[in-house]
Amino acid sequence: MSGLSLDPEQLDRYSRHIIMDEVGPEGQQRLLDSRILCLGAGGLGSPVIQYLAAAGVGTIGIADDDVVERSNLQRQVVHGESDIGRPKVDSAADFVAEQNPDVAVERHETRVTSENVEDLVAEYDVVVDGSDNFSTRYLVNDACTLAGVPFSHGAILKFEGQVTTFEAREESPCYRCIFPEAPPAGSVPSCAEAGVLGVLPGTVGCIQATEAVKLAMGYGETLDGRLVLYDAADMTFDTAEIRKNPNCPVCGENPDIGSVHDVEYTDTCAIGD
Amino acid sequence: MRWKLFANLAETAGEREVDVDVEAGATFRDALDALFETHPELREEVTDEEGNLRDHIRVLRNSQNPFVADAGYETTLEAGDELAMFPPVSGG
């Protein structure tokens, strides 16, 4: 890889990256060569897609099976009034095409399930989880951890967000090291039930995008081993240390989960009988 | 000592921060009991029939999980310890 492959328009477009010693033409080329999968083109996915596209991440996969609804527009900033009723992957892809012609979008207009998740994450260098339910989150954790694909986790509710990065290295913890199983149905409300401040996924999604860009460039320290608890209401960031759990069912010493097919991704996402 | 509560746990308690009357040398269990005395509705939400924390509820003492970094319920607390309790959230 060499900065010489950047054309004059790219040298101009990415000049504020290239001028930094920490990025330079090599770092920009790594971004252009990278493939990042955004799971969900909703509240979190919107700012992630925007900033990855602006940064020149060469290939962005977008997986979402929803269509744009008017109630999305309060926070899902890649979609607009005229997109209501359109698939979110199409609306998001149009946004990217307008923002940066260097970026190729791979549309996955599908629900991510245990049948397709392994093939999907294997195609990408980094995964950004902006999904909206526990089942998908545990599925993504298990698939990425088992495949060794680094991923960013972000989750939101009302005024609060939780965000971390799992690099899926030998010594990295995973989401099940924090929460071994999903909470019983009904014990933690969803955004549809409890609401969400419109700007909240902007903040949390931008942290996720930051982590994904750093992973793609190979620069800086990620949140691997730390969970940030962000509270927009009192504007505080608390950090919880996360250690790898030797008894973790996915990444522990004697894991019970060897593949996503070992788990029923319903209710508590526990190991099937 | 002060507890900080997150997400729906703060909603259940009706406040985000709860000061409890627990002295240095007390155990983590004492601090939990003191929290539940001021907010009995929280006890119902986060503990099981045996009075232990439910599997999806995480606690912190000075940013670390006392069940991983220390002696769990028997962890001895020090003056100025910051305690926290949070559930997972899933929205996107």
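Quick caveat, the model's predicted, so the values are computed rather than measured. Convention: sequence-line order gives letters A, B, ...; per-chain numbering from 1. Both backbone and side-chain heavy atoms feed into the values below; hydrogens, waters and symmetry mates do not.
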- prompt: Hey, which of A/I156, A/L39, A/T136 has the most heavy atom pairs under 4.5 Å with chain B?
  reply: A/I156
query: Between A/D142 and A/Y175, do the side chains contain an N or O donor and an N or O acceptor separated by less than 3.5 Å?
result: no
message: Heavy-atom pairs under 4.5 Å with chain B: which of A/D231, A/T268, A/V204 has the most?
response: A/D231
message: Tell me which one of A/D256, A/I257, A/L139, A/V250 satisfies side-chain contact (heavy atoms from CB on, under 4.5 Å) with A/V263.
response: A/I257
Test item: A/D267 side-chain N/O and A/S135 main-chain N/O as donor-acceptor pair under 3.5 Å: no
field: Parallel, tilted or perpendicular, as decided by the 30° and 60° cut-offs, for the rings of A/H108 and A/Y124
entry: perpendicular
message: Applying salt bridge (Lys or Arg N to Asp or Glu O under 4.0 Å) to A/R169 and A/E171, what does each step give before you reach the verdict?
response: CA-CA 5 Å; A/R169 291 177 287 119; A/E171 62 274 26; 2.4 Å; yes
- line: Checked A/R243, A/K158, A/H153, A/E181 vs chain B; the most non-hydrogen pairs under 4.5 Å come from A/R243
- prompt: So what's closer than 4.5 Å to chain B heavy atoms on A/N133: side chain, backbone, both or neither?
  reply: backbone
message: Looking only at heavy atoms and a cut-off of under 4.5 Å, which of A/L229, A/D129, A/L227 has the most pairs with chain B?
response: A/L229
message: Please identify, among A/S187, A/P184, A/A182, the residue contributing the most non-hydrogen atom pairs under 4.5 Å to chain B.
response: A/S187
- request: Check each atom of B/E82 against the heavy atoms of chain A and say whether the ones under 4.5 Å are side chain, backbone, both or neither.
  value: neither
task: Establish, for the pair B/R58 and B/F86, whether the NZ or CZ atom is under 6.0 angstrom from the six-membered ring centre and no further than 45 degrees off its axis.
output: no
query: Checking A/L200 against chain B: side chain, backbone, both or neither under 4.5 Å from a heavy atom?
result: neither
query: Does any heavy atom of chain B fall under 4.5 Å from the side chain of A/F159, the backbone, both, or neither of them?
result: neither
message: Less than 4.5 Å to any heavy atom of chain B: does that hold for the side chain of A/D234, its backbone, both, or neither?
response: side chain
